[in-house]
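Convention: sequence-line order gives letters A, B, ...; per-chain numbering from 1.
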Amino acid sequence: MIGAGKMKQYTNVLDKPLSKGRQEVSLSGFAYLFSELVQYNQTQVDNIGELERRLEDAGYAVGVRVLELLCHREKGNRRETRLLGILSFVHSTVWKVLFGKVADSLEKGTEHEDEYMISEKELLVNRFISVPKDMGSFNCGAFVAGIVRGVLDNAGFPAVVTAHFVPVDGQQRPRTTILIKFAEEWLLITNRYYEEKQG
Amino acid sequence: MAAIYSLYIINKSGGLIFYKDYGLQGRMDTNDSLRLASLWHSMHAISQQLSPILGCSGIELLEADTFDLHCFQSLTGTKFFVVSEPGTQNMENLLKHIYELYTDYVLKNPFYEMEMPIRCELFDINLAQSIQKDRVSYLGR
């Protein structure tokens, strides 16, 4: 994210070093920008599904760039090729750079082999957002789901990623779960590939 | 015993956008609360002009026999006021804190339309928490 006060030094973005350092943006600034993004997209759509899709697309564009940057900065130009590797990359590295903390949990789906879930007690983008009752289960986390999909897709792991509210016992607010569902035929191919490689 | 009777938030044109009452005293129905809100809006505006002090920002505290009314006006003209038990202290800070909650959970919410009634779950939750905290510290005194 953009570091404040460093702009005078480098006139060209390409002259800037890629090293990380402590770069933070104002949470309020981000919250207003994100709110505006949602409001703008709301004026462009007829239904909630469409809005979800547009937020996801906006996130996808972020995901593509984040993958590129972080592979270069954190991994010395190497990219994860294993499923669990890329998932933990998203869960820890990506989350830490974007939200300043590791995601609360990364779990494998209990019902389906090809499903994984990243859960967050309070997603940063949802910190100030109350979704009205008439919008049903709409979740602005669709933006984050889009980021995750962008990262996975461009790392060679095509997946369908969605954001859901999940009620928690004894808590007033539900947590947000990012559900990652990998394409089944694709899982078969990679499994076969690794089996052949090992055997 | 409750220190705060009720809380009102009115927009810059005097429309009531949020009302909540706490406890039994001073409870009002919807029409009465709307009326009181716009009445206060006008009184506040008149007081600004009648005041002998130049650049007066309006009534901040109205003291009556049975209640106190503390008012806080933000720079954009949104007014927050609480009706409380006579002699209740520390209401200015509570109002400022409520204003902070309003800027966080109402203004940063993409589904809130400006100047319209506030229906935000997170605002309600956080408001209830701070009122509760205020009440606890009041009882402790």
K.L.:
Honestly curious: do A/V160 and A/V148 fall in one hydrophobic cluster under the side-chain, below-4.5 Å linking rule?
P.N.:
no

K.L.:
Running the 4.5 Å side-chain criterion over Ile, Leu, Val, Met, Phe, Trp and Tyr, what cluster does A/L179 land in, apart from itself?
P.N.:
A/M117

K.L.:
With a 4.5 Å cut-off on side-chain heavy-atom distances among I, L, V, M, F, W and Y, is there a chain of contacts connecting A/V64 to A/V62?
P.N.:
no

K.L.:
Strictly by side chain to side chain donor-acceptor pair (under 3.5 Å), give each pair with a member in residues 48-65 of chain B just once, sequence neighbours left out.
P.N.:
none

K.L.:
Only pairs under 3.5 Å count here: list side-chain donor-acceptor contacts from residues 8-21 of chain B, not counting sequence neighbours, and write none if there are none.
P.N.:
| residue | atom | partner | partner atom | Å |
| --- | --- | --- | --- | --- |
| B/N11 | OD1 | B/S13 | N | 3.1 |
| B/N11 | OD1 | B/S13 | OG | 3.3 |
| B/N11 | OD1 | B/G14 | N | 3.1 |
| B/N11 | OD1 | B/G15 | N | 2.8 |
| B/N11 | ND2 | B/E115 | O | 3.1 |
| B/K12 | NZ | B/E115 | OE2 | 3.3 |
| B/Y19 | OH | B/D21 | OD2 | 3.1 |
| B/Y19 | OH | B/M28 | N | 3.4 |

K.L.:
Show your reasoning for whether side chain to side chain contact (heavy atoms under 4.5 Å, CB included) applies to A/F128 and B/L122.
P.N.:
CA-CA 7 Å; A/F128 302 116; B/L122 274 172; 5.5 Å; no

K.L.:
Are there donor-acceptor atom pairs under 3.5 Å between chain B and chain A, and if so which?
P.N.:
| residue | atom | partner | partner atom | Å |
| --- | --- | --- | --- | --- |
| B/K108 | NZ | A/S28 | OG | 2.9 |
| B/N109 | ND2 | A/S130 | O | 3.2 |
| B/E121 | N | A/S130 | OG | 3.4 |
| B/E121 | OE1 | A/R173 | NH1 | 3.4 |
| B/L122 | N | A/S130 | OG | 3.2 |

K.L.:
Can you hop from A/L98 to A/L27 via hydrophobic side chains spaced under 4.5 Å?
P.N.:
yes

